[in-house]
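Order of listing sets the numbers, starting from 1, for every ligand and every atom in it. Remember, predicted model here, so these are calculated numbers, not experimental data.
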Amino acid sequence: MGQQSGRKRLADSVVWITGASSGIGEAMAYDFSRMGARLILSARRSGELERVKKNCEGDPGRVQLLPLDLSDTGSLRQKAAEAIAFWGEVDVLINNGGISQRALAAEADLSVIRRIMEVNFFGTVALTQAILPHFIARKSGYVVVVSSVMGKIGTKFRSTYAASKHALQGWFDCLRQEMYEHQVDVTLVCPGFVKTSITLNSVTADGKTYGQMGEGQSKAMSAETFSRKLIPKLEKRKPEIFIGGPEIAAVWVKRLSPGLLNAILRRTKVT
Ligand SMILES: NC(=O)c1ccc[n+]([C@@H]2O[C@H](COP(=O)([O-])OP(=O)(O)OC[C@H]3O[C@@H](n4cnc5c(N)ncnc54)[C@H](OP(=O)(O)O)[C@@H]3O)[C@@H](O)[C@H]2O)c1
């Protein structure tokens with residue numbers, strides 16, 4: 001059971017998705033378009049957003065493109081105003097855009113650590129703050145954040161990625177408490193491995209693009225399957241949603257016995 005009752009169905013909503021130019025965000029765009037939702041698609045690469053719009057099977061008049069860079073936090077209030085101006089309202093913000101990391105914690109350059117935090121944490125927070133006055137004024141709204149299993153546990157090579165996702169968990173758990181009185185719902189989504197370019201696009205210790213497909217991702221469910229599992233759960237507006245393979249069990253093992261999870265991870269080949 002979600003937090004609020006009498007909410008708009010997703011199909012009747014204006015849904016704003018970041019990270020819509022590939023992977024999970026792209027797959028969600030197709031599903032929401034088929035459902036008849038009005039869509040606002042954001043990411044940096046406008047050419048890729050155009051491609052996604054063309055491939056949407058619903059009414060193209062119900063898909064608006066709003067390119068943005070999450071690391072340019074100063075621009076995001078203006079972007080929120082533009083998003084609202086398309087249809088006079090936004091009902092759902094899906095904070096999905098993000099980057100990952102492949103670097104040892106001891107070696108990662110501080111500037112690269114800041115860059116990952118800037119996109120994953122500060123960009124997501126700034127965009128959410130930009131839309132919240134609209135949600136609060138209407139006493140209606142839904143904020144979704146695509147975190148990760150790495151928002152709950154830690155493994156090798158992903159220290160800043162995990163830090164950014166843990167930070168999102170804390171910030172949005174607090175926001176949920178503050179938003180009850182405003183009838184604004186908050187959901188944290190924790191995917192396990194999903195077959196996308198997230199690892200390919202991840203950054204190394206010196207900020208270069210890693211450029212290799214993740215071993216976990218290559219064997220994982222497709223973004224389309226992930227989206228199909230996710231959307232019915234979003235309809236229920238649960239506080240947290242976990243979707244993935246056996247790696248999801250790590251979250252529950254850590255809750256029961258952090259020592260046991262450490263022992264398991266020490267023996268696991270992490271790539
Ligand atoms: N795939 C997995 O196994 C997995 C697991 C757990 C969590 N997640 C999370 O799922 C979300 C989506 O990732 P994905 O797996 O679909 O990977 P992806 O295919 O690499 O997609 C990442 C998206 O984020 C956008 N993005 C990156 N930097 C941005 C910036 N500075 N400003 C605006 N948009 C930016 C990218 O678009 P542009 O490059 O066009 O800007 C792209 O659309 C991420 O938050 C990721 O952490 C993924």
| field | From G19, S164, G23, S42 - option closest to atom 23 (C) of ligand 1 by heavy atom | value | G19

| Closest protein heavy atom to atom 16 (O) of ligand 1, given as residue, atom name and distance to 0.1 Å | I24 N, 2.8 Å

| task | Pick one of side chain, backbone, both or neither for how V119 approaches ligand 1, counting any non-hydrogen atom pair under 4.0 Å. | result | side chain

| query | Does R237 count as lying over the ring of Y142, i.e. NZ or CZ under 6.0 Å from the six-ring centre, within 45 degrees of the axis? | reply | yes

| field | Nearest neighbour in protein (non-hydrogen) for atom 8 (N) of ligand 1 | value | Y161 OH, 3.5 Å

| message | Below 4.0 Å, non-hydrogen atoms only: which portion of D69 touches ligand 1? Side chain, backbone, both or neither. | response | both

| request: May I ask you to say whether K8 pairs ionically with E89, meaning some side-chain N is under 4.0 Å from a carboxylate O? | output: yes

| said: With respect to G98, determine whether any N or O atom, backbone or side chain, lies less than 3.5 Å from an N or O atom of ligand 1. | reply: yes

| Identity and distance of the protein heavy atom lying nearest atom 13 (O) of ligand 1 | I198 CD1, 3.7 Å

| Shared hydrophobic cluster, I153 / V270 (ILVMFWY, side-chain heavy atoms < 4.5 Å) | no

| query | With the threshold set at 4.0 Å, does a side-chain nitrogen-carboxylate oxygen contact exist between R138 and D91? | reply | yes

| Pairing of E181 and K139 as salt bridge, 4.0 angstrom limit | no

| query | N201 heavy atoms, cut-off 4.0 Å: which ligand 1 atoms fall inside? | reply | 20 (O)

| Can you find a pair of side-chain heavy atoms, one from V92 and one from I94, that are under 4.5 Å apart? | yes

| message | Is it the case that ligand 1 has an N or O less than 3.5 angstrom from some N or O of L70? | response | yes

| task | Could you tell me the residue and atom name of the protein heavy atom closest to atom 21 (O) of ligand 1, and the distance to it rounded to 0.1 Å? | result | S22 OG, 3.2 Å

| field | Residue portion contacting ligand 1 (non-hydrogen atoms closer than 4.0 Å) for Q217 | value | side chain

| Out of T18, L127, L68, whose heavy atom sits nearest atom 33 (C) of ligand 1? | L68

| field | Sub-4.5 Å side-chain heavy-atom contact between I40 and I17 | value | no

| atom 43 (O) of ligand 1: which protein heavy atom is closest, and how many Å away? | S21 OG, 2.8 Å

| task | With atom 4 (C) of ligand 1 as the reference point, say which of S148, S100, G192 has the nearest heavy atom. | result | G192

| Is it true that S147 lies under 4.0 Å from ligand 1, counting heavy atoms only? | yes

| Do E50 and K53 meet the salt-bridge criterion of a basic N to acidic O distance under 4.0 Å? | no

| Does the side chain of F242 reach to within under 4.5 Å of the side chain of K152, using non-hydrogen atoms? | yes

| Heavy atom of the protein closest to atom 44 (C) of ligand 1 (residue, atom name, distance) | N96 O, 3.1 Å

| task | Give the residue, atom name and distance (to 0.1 Å) of the protein heavy atom nearest atom 35 (C) of ligand 1. | result | R44 NE, 4.0 Å

| task | Determine, using the 4.5 Å side-chain heavy-atom cutoff (strictly less than), whether L39 and M35 are members of one ILVMFWY cluster. | result | yes

| request: Could you list the atoms of ligand 1 found under 4.0 angstrom from a heavy atom of S197? | output: 19 (O), 20 (O)

| In terms of atom number and element, which parts of ligand 1 are under 4.0 angstrom from non-hydrogen atoms of F193? | 3 (O)

| request: Under 4.0 Å, heavy atoms only, figure out whether ligand 1 is touched by the backbone of K165, its side chain, both or neither. | output: side chain

| task | Would you kindly specify which portion of A220 sits under 4.0 Å from ligand 1, judged on non-hydrogen atoms: side chain, backbone, both or neither? | result | neither

| query | How far is atom 10 (O) of ligand 1 from its nearest protein heavy atom, and which residue and atom name does that atom have? | reply | V146 CG1, 3.4 Å

| Taking side chain as C-beta onward, heavy atoms only, is L175 less than 4.5 Å from L132? | yes

| request: Kindly identify the option in T199, T196, V194, V52 whose heavy atom sits closest to atom 17 (O) of ligand 1. | output: T196

| said: If I take atom CZ from residue R51 and atom CD from residue E48, how far apart are they, to the nearest 0.5 angstrom? | reply: 4.5 Å

| Is the number of heavy atoms from other residues, nucleotides or ligands under 6.0 Å of E235 CD greater than 12? | yes

| message | Any donor-acceptor pair under 3.5 Å linking the side-chain atoms of T128 with those of N95? | response | yes

